[in-house]
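So that the names make sense, note that chain A is the first sequence line, chain B the second, and so on, each numbered from 1.
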Protein chains: 6
Amino acid sequence: MHKLLITGAAGGLGRMLRENLAGIYPELRLSDIAPLDPAGEGEETVTCDLGDYDAVMDLVSGCDGIVHLGGISMENSFEAILNANLRGTYHIFEAARRHGRPRILFASSNHTIGFHERTERLDGESPYRPDSLYGLSKCYGELVARYYYDKFGVESLSVRIGSCFPEPRDRRMLATWLSGNDFCRMIEVAFAAPKLGCTMLYGASANKEQWWDNGHAAFLGWTPEETAEVYRDRVEAATPTPDPNDPAVIFQGGAFAAAGHFEDE
Amino acid sequence: MHKLLITGAAGGLGRMLRENLAGIYPELRLSDIAPLDPAGEGEETVTCDLGDYDAVMDLVSGCDGIVHLGGISMENSFEAILNANLRGTYHIFEAARRHGRPRILFASSNHTIGFHERTERLDGESPYRPDSLYGLSKCYGELVARYYYDKFGVESLSVRIGSCFPEPRDRRMLATWLSGNDFCRMIEVAFAAPKLGCTMLYGASANKEQWWDNGHAAFLGWTPEETAEVYRDRVEAATPTPDPNDPAVIFQGGAFAAAGHFEDE
Amino acid sequence: MHKLLITGAAGGLGRMLRENLAGIYPELRLSDIAPLDPAGEGEETVTCDLGDYDAVMDLVSGCDGIVHLGGISMENSFEAILNANLRGTYHIFEAARRHGRPRILFASSNHTIGFHERTERLDGESPYRPDSLYGLSKCYGELVARYYYDKFGVESLSVRIGSCFPEPRDRRMLATWLSGNDFCRMIEVAFAAPKLGCTMLYGASANKEQWWDNGHAAFLGWTPEETAEVYRDRVEAATPTPDPNDPAVIFQGGAFAAAGHFEDE
Amino acid sequence: MHKLLITGAAGGLGRMLRENLAGIYPELRLSDIAPLDPAGEGEETVTCDLGDYDAVMDLVSGCDGIVHLGGISMENSFEAILNANLRGTYHIFEAARRHGRPRILFASSNHTIGFHERTERLDGESPYRPDSLYGLSKCYGELVARYYYDKFGVESLSVRIGSCFPEPRDRRMLATWLSGNDFCRMIEVAFAAPKLGCTMLYGASANKEQWWDNGHAAFLGWTPEETAEVYRDRVEAATPTPDPNDPAVIFQGGAFAAAGHFEDE
Amino acid sequence: MHKLLITGAAGGLGRMLRENLAGIYPELRLSDIAPLDPAGEGEETVTCDLGDYDAVMDLVSGCDGIVHLGGISMENSFEAILNANLRGTYHIFEAARRHGRPRILFASSNHTIGFHERTERLDGESPYRPDSLYGLSKCYGELVARYYYDKFGVESLSVRIGSCFPEPRDRRMLATWLSGNDFCRMIEVAFAAPKLGCTMLYGASANKEQWWDNGHAAFLGWTPEETAEVYRDRVEAATPTPDPNDPAVIFQGGAFAAAGHFEDE
Amino acid sequence: MHKLLITGAAGGLGRMLRENLAGIYPELRLSDIAPLDPAGEGEETVTCDLGDYDAVMDLVSGCDGIVHLGGISMENSFEAILNANLRGTYHIFEAARRHGRPRILFASSNHTIGFHERTERLDGESPYRPDSLYGLSKCYGELVARYYYDKFGVESLSVRIGSCFPEPRDRRMLATWLSGNDFCRMIEVAFAAPKLGCTMLYGASANKEQWWDNGHAAFLGWTPEETAEVYRDRVEAATPTPDPNDPAVIFQGGAFAAAGHFEDE
C-alpha cells in the first residue's frame, strides 16, 4: 500500500496515528475539518467537510487505503451527527466504490452495543444495543460497510473502539482501554491481510477484565499486547468505589448509557 | 386507544389502513407530505414533512398510538432517503418520547435483510444484511426504536414488511406477500398487547414458501390467516421461469439486491 | 399400565384428573394429606404426608405410574415448602427407584422460569429463573428427576404447568392457560410413549399468545387442542387494561414475580 | 421440466413414483439393475449398473431432472454398498456436472442420523450419527451433493427418508412414516422451486410424533398433509409394547442402530 | 470491605482461606458448627448451625461480604444435606437480604454438572446434570442465588469448585484442580468488581486439561495462574491407568457419578 | 502402550513420526504400499495395500494403537481415492473392532471443511464443506470413526491437519501450518488421555492467524507451542501479494477449493 488516507487526523486519535503510521506507509493523506499541523515529508493535508459529497470524492481519489476516524466522536445533536457521521461515512464508502475500492478501516465504537450489561460477554453475533445518537450513527456506519461489501465488494474493518487514550482515565477503562500501539498493529494487520472481507473487531487491549470476544476474527491474527492492568492501582486510587446499581456501571456504554437525551433545542 | 396517527397516509398502504382501521379506533390523524383525501368523520388530516422537526412534534402531540408508514418506500438517492427516512423516523420517535410515549408501529422492510439468500431461514436473531440505501434507512429506524426503548421506554413494533399489495405480483411475492387483512390484525395486536417491548415481526402472510420465522414474537399471538398460494397459478402463468443463478432469485431482497447503485448525480 | 398413583388428589387439579382418568387406567390410587372423597370402584384412597419417608415408600409400592401433583402449589414459608415440596418430591423419586421404577409425571410450574420477561420465547434450553420459594422448589424437583434418570433410569415428564383451571381468570392466563382436557391427553401420551426419557414440557393450551416452545419434545406427539382465545372477550371485559411497566406484566411469573418475600416470621 | 430420470425404478419406491409422476412430467426415463416393467407411453427403460461410469454418463445425458433412488437400501456388506451407493452416487453427480447440471433429488436416509436418541429433536444443523454402513453411504452421498453444489453449482435436495411404505408397519413408523403422496409433492416442489440450492429435508409425514424439524427449508413450501396417526390403533394392536431400554427404541435408527456388524465374510 | 464472614471456616478450605485472607480484609468473622481455632487479631469466631434461622441472621448481621463454604461437602443422606445445604444456604441468602445485601461468594461444586461426559466442554449455558444428592443441593444453592438477585438485588458469585486441595490427588484432579492461591485471587476479584451481578465461575486452575470455559465471566478479569501440570508425573506414577469405560472416567463427576445411592437407612 | 502401528509410514509425515515417536513407544509397526527404510531396533516394517481386507486385518492384529496416515494425501481420481481412502480407512476401523479396539489417530484434513471462507471461524460444530474428492474421502473417514465409536466403542481422534511440513511454504500456511513437534505432542496426548471418545481436533500450531477453534476438545490438554509467525518475513518475501477475490484466497481449502474437477479419464 502506497498512500493511506486518514480522516479526522486533527483529533487525538488522528494525531497519534499520524505519528505512528508515518514510518509504515510511504504517503499519508491527512484530512480534517479542523486545522492540521503542516504537512511533513510523505504527507499531504486536506481540509475537508465529510458532509460535502464532492470534497470527499476528491479526498479519496488516489488513495490505496483509508482509516476513517472523521466525524463527531461523542454525543451531540442529531443534526450535527447526521451531517458528520451519517452523511460523512456514506460519502467515504461511496467514494471508495467509485475510486478503486481501497480497503477501509472504520472507527466504530463500543457505543453501538452500549446497552448490553457489562456482565454479558459479547461476540461477533451480539445484537446492536446503541446507547446514544452517536452510537446509532456508528451502527449505521457498520451497516453501510456491510452493504458496500455485499453489493460492491468494498472490504472493510469496523473497529468498535473501547477507549483509546494514552492511559485509562477511570475504572471502566480498565476493561475498555485500547492502547495506541495495539491500535496501530490492528491497522497494519487489516491492510496486510490476504482477505479482509467485511469484518468487525472489538478494540480493547489485553486487559484482565474482558467484555468482548474477538474469536470470530481470529483469522486476522491480531492479538493485543498491552494491558490496562498496569494502571489499575493509580486509577483505583484516583476514582471512587463504583456503585453496582448505577446505570453507568451496569451498562457497557458507561456514562453514555446513563445520560439522558442530548438537549440541543 | 383513542387517537391513532398514521403517517404516510396518502400512499397505497396508508389508504388501505385508513379504510380498515376506521371502525377500530375512534379517531385517526392522517398525515402525508402528499395530498390526502378530505377528512371524514373521526378523521383529521395533516400535511407534514417528516424532515421538519417542529411539524412532527405537533403532529404526534395528542396521539395515543402511531403507525409510521411515512417516508420513501423504495430505492432513491441518499439525500432523499436521509431526509425522509433517517431524519423522519428520528423525529417520530423523539416526538413520542416528548409526548407521552405512545406505542409506535414502525413500517420496516425485508430490505433490511435482503442480502440473505432465500434458502436461509431467518429469525429474530439474524443479522442485518441491507440490500439498498432504502434498506439501510430501515435498519437505522429499527435501531432508533431499540435506542428509544432501552433509554426512554418507548414501546414499538418494527414490521419487516414483505410485499403488502392487494395480491402477489410476481413469483417472489408468493413467499413475501402480506395481505392487508393480516397487516391490520397485526396492528390491532400490537396496540392491544399487555406488553409490547421493542419487538420485530416479519410481515408475511401464511404463504407456503416461508423465509422468516416469527417464533421469537409468539407472545403477541399474531398469526397470519391468508396465503399467497391462492394466487400461485395466476402468478406462475404470468411470469417467466426463474433462473436460480440470477441475483434477484438468489437473494431475499430480489430486484433490490440485484440492482446497482442508485444514480442521482 | 394397571395402577396409577395420583398424589395431591384432593386439590383442584387432582379432583379433575381423578374424574377424567378413571376410564383410562383400571386402578387409581389417590393420596393426599387432606381428606379425599370416598373411594369408588377401581379406586384406593390413602392419607399420606409426603414428608414421611416410610409412608411414601408404602404409597408408591405396587404402582405402575405416578402423577405427582402433591405438595404446596403457591408461595408459602420456606419451611412449609421444604417439607412438602423438597422432601416430598425426593421421597417420590426415591420410592420409584426402590419399587420398580414406574414412570413419573411431575407437576412442575411456570414459576421455575417466572423471571424471564414475557417478550422472551422460552424453549427446552432456557435457563431457570425462579420467581418464588415455590418456584425454587419446582426447579429442585426437576433436577431430582434429572438425577434419578441419569443415575437410576427412572423416566419422568416434568410439566411446567401454566394455569390449569376450568377457564382463564385474568389476562395473563390468556397466554398460560392449560385446559384440563389438554392436560389429560398429555398424561396419556407420557405413559404411552415408547421412550419417555427425562423430558420437560411447558403446559399451555393452543393459546394465541405463546411464550413457550415445546419443539424439543415433539417426539411425544402431544399437541394441545383447546385455546384460551374463546374466553378473551369475557376476560378482557372483566379485568383492567394492563400497565406494561408493572412487574406482574413484564415477567412471565406474573404476581409471583412481582411479590416481595413471603413473610412467615 | 421435460424428461425426468428415476434410478432404482424397479424397487418399491421407484414403482410408486413411476405411477404417480407419470401425469406430471412428460417423459420418464426409468433405470434399474433389476428388471423393469415394459416401458409405457412417455417412458424409457434402461438397465444400468450405477457402478459403471460410462453407463451412468449415458443414462443421465438428456435428462432435465433426476430422482436418484438407486443403490442398496438396507444394511449390506461394505463392498456391496461401496459399489452401488458410494460409486453409484458419485457417478450420478458427476454425470450431472457433465450433462447440463439437472437438479437431483437424492434419496438419503434417516440412518445418516440414526444414532441420535429419539428424545432428541433434530434440525438442519444436527451432526451426522450414522447407524450402519448403509447410513454411512448416505452421509457420503449428501456430502457429494454439497461438494458438487459448492464447486460446480449442481442443485440438489437430499431427502432423509423416514419410512416410505404404503402404511406404517411398526410403532417406530408412527413417527417416521412418509406417505407416498407427501413424497410426490416434495418431488414436485423441489423441481419447481425458483432456487433449490443444496438443501436437506427430513422425509416424514405430518405424524404426531415428530423427531425432525424442517424449519430450515421452509423456503421450499413443502408441508406434509398425511399422518401416520390414522394407523395407530392397528399398529399398536399388532405389535408388542416397546421396552424403553431396548437400543432399537432408544435410538432413532431403530433396528439399524441396534444391529451388530453386517457379517459378510 | 471491612468485615468478611467465612462459613465452614473449620474445614480444609476454610482454614486455608482464614490464613490467606487475613492480610487482605481487616476483619474476619469465622463460623462453623465444628470447633474453630481461637480467634486471633482481627478475627471473631462463632459456632453456628446453618440450619438455625435465628443464628444465621445474627451471624450475617454486620458483615460486608460472605464466603459461604459451610455445609456438607460430600455425599451424605438426604436429611443431612437438607439441613446443612438446602436450609443453610437459604438462610445465608435470606440473612443477606435482611442485612444490607452484602455480596456472597457461594462455594458451589462441579457436582452440579457431574453427569456431563468429560469429553464435553461446558460453559455458562450448560444445563445442570447433578451427580449426587450433594450436587443437587448445590444446584439448589445456585438457584437461590439467582432468585435473590432477580428479586432482591443480592449480588453473588457461585463457584463450581473442581478440587481445591494443596495438590492434585488423582488423575481426574489434573483437570479439576483449583489451587488455593487461584481461589483466593478469585475471592478478591469478586469483592472488588464494580459490578458482580449473579455470576457463575468454574473453579479450576490453568490446567492443561480443561473441561470448563469461563468466557462468559471474563468481565471479572479472573485468570488462574497455577497449573496441575507440575504434579502430573507424580500423580500418574501413583495411580493406575484409567479405564475409559469406567463411569468414574466417563463422567465429569468422577466417583460421585459412579456411586450408587447413599444408604443411610 | 507397547506397540504402535503407523500406516503411510513411507510418506513425509510418516518418516517424521517414525523418527520422533521411536523413543516414546517401545515398538513401532510401520506400513506402507511404498518401500520403507529397513526396520531398526524396536521396529517392524510391513508392505500393505490398505485396500486389501485380509492384509489390513493382519496388519492391525497385535497393535495397541494406530496412527492412520495411509492413503492418498492429495486430489486424485475417484477410483484411486476410493480404494486407498474409503476402503482403506474402513478396513483400519474394522480391523480395530476385530482386534481388541486399539485407539486410532486418523489423519483427516482441512479439506473436509475447505469450502468455508477463511473469514469464518470454525469449531467442533461447523458443518462439512469438502473441497475435493480427497476432502470427501476424509469426511467419510471421520464418519466411519463416529460409527465405530457409537456402535462398537472404538475410540479415535480425527485430526484435520492443516499443513504439516518442516516450515510454511506459502502465505496460506502462515495460518494452517502444524509443526512436527506439535503433531507429535498431539499423538502422545491422544494415547495418554484417560478418555478419548470420538474426538476431532483441528491440526494447526499456535499461529497468529487462526481459522479454527479447538475449544471443544480442551479436555485433551493439547496446546500447540510453535508458530508459523517466525517464518512470516521469509514467506511474504518469496510469494506474491494475494488477491482477495481469488477463490484460493477466499476459501480455507486454498488451491483445492479453487481447482476444477480432477481429470483422470
Would you give the length of the straight line joining atom [atom1] of [X] to atom [atom2] of [Y], rounded to the nearest 0.5 angstrom?
| X | Y | atom1 | atom2 | value |
| --- | --- | --- | --- | --- |
| A:N245 | A:I250 | CG | CD1 | 6.0 Å |
| E:I6 | E:M16 | CD1 | CE | 9.5 Å |
| A:H111 | A:C139 | NE2 | SG | 11.5 Å |

Query raised in the report: When only heavy atoms count and the cut-off is under 4.5 Å, which of residues 169-186 of chain A reach chain E?
Result: none
Requested in this report: Please examine the side chains of E:E117 and E:F251, heavy atoms only from C-beta on, and report whether any two atoms are closer than 4.5 Å.
Outcome: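 Sidechains of E:E117 and E:F251: in contact.
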Query raised in the report: Hey, are the side chains of A:L133 and A:N76 touching, using non-hydrogen atoms and a 4.5 Å cut-off?
Result: no
Report summary line: Sorted by chain and residue number, the side-chain hydrogen bond (donor to acceptor under 3.5 Å, both in side chains) partners of A:S109 (sequence neighbours excluded) come out as none
Requested in this report: With sequence neighbours left out, write down each residue that passes side-chain hydrogen bond (donor to acceptor under 3.5 Å, both in side chains) with E:R18, or none if nothing qualifies.
Outcome: E:E43
Report task. Could you please state which residues from residues 211-227 of chain E sit under 4.5 angstrom from chain A, measuring non-hydrogen atom to non-hydrogen atom, sorted by number, or 'none'? Result ->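 Counting heavy atoms that sit under 4.5 Å from chain A, the residues of residues 211-227 of chain E involved are E:G215, E:H216, E:A218, E:F219, E:L220, E:G221, E:T223, E:E225.
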Query - Side-chain donor-acceptor pair present, A:S158, A:E142, cut-off under 3.5 Å - result: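 Side chains of A:S158 and A:E142: no pair found under 3.5 Å.
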Requested in this report: Using a strict 4.0 Å threshold on nitrogen-to-oxygen distance, state whether E:K3 and E:E44 make a salt bridge.
Outcome: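 Salt bridge flag = yes for E:E44 with E:K3.
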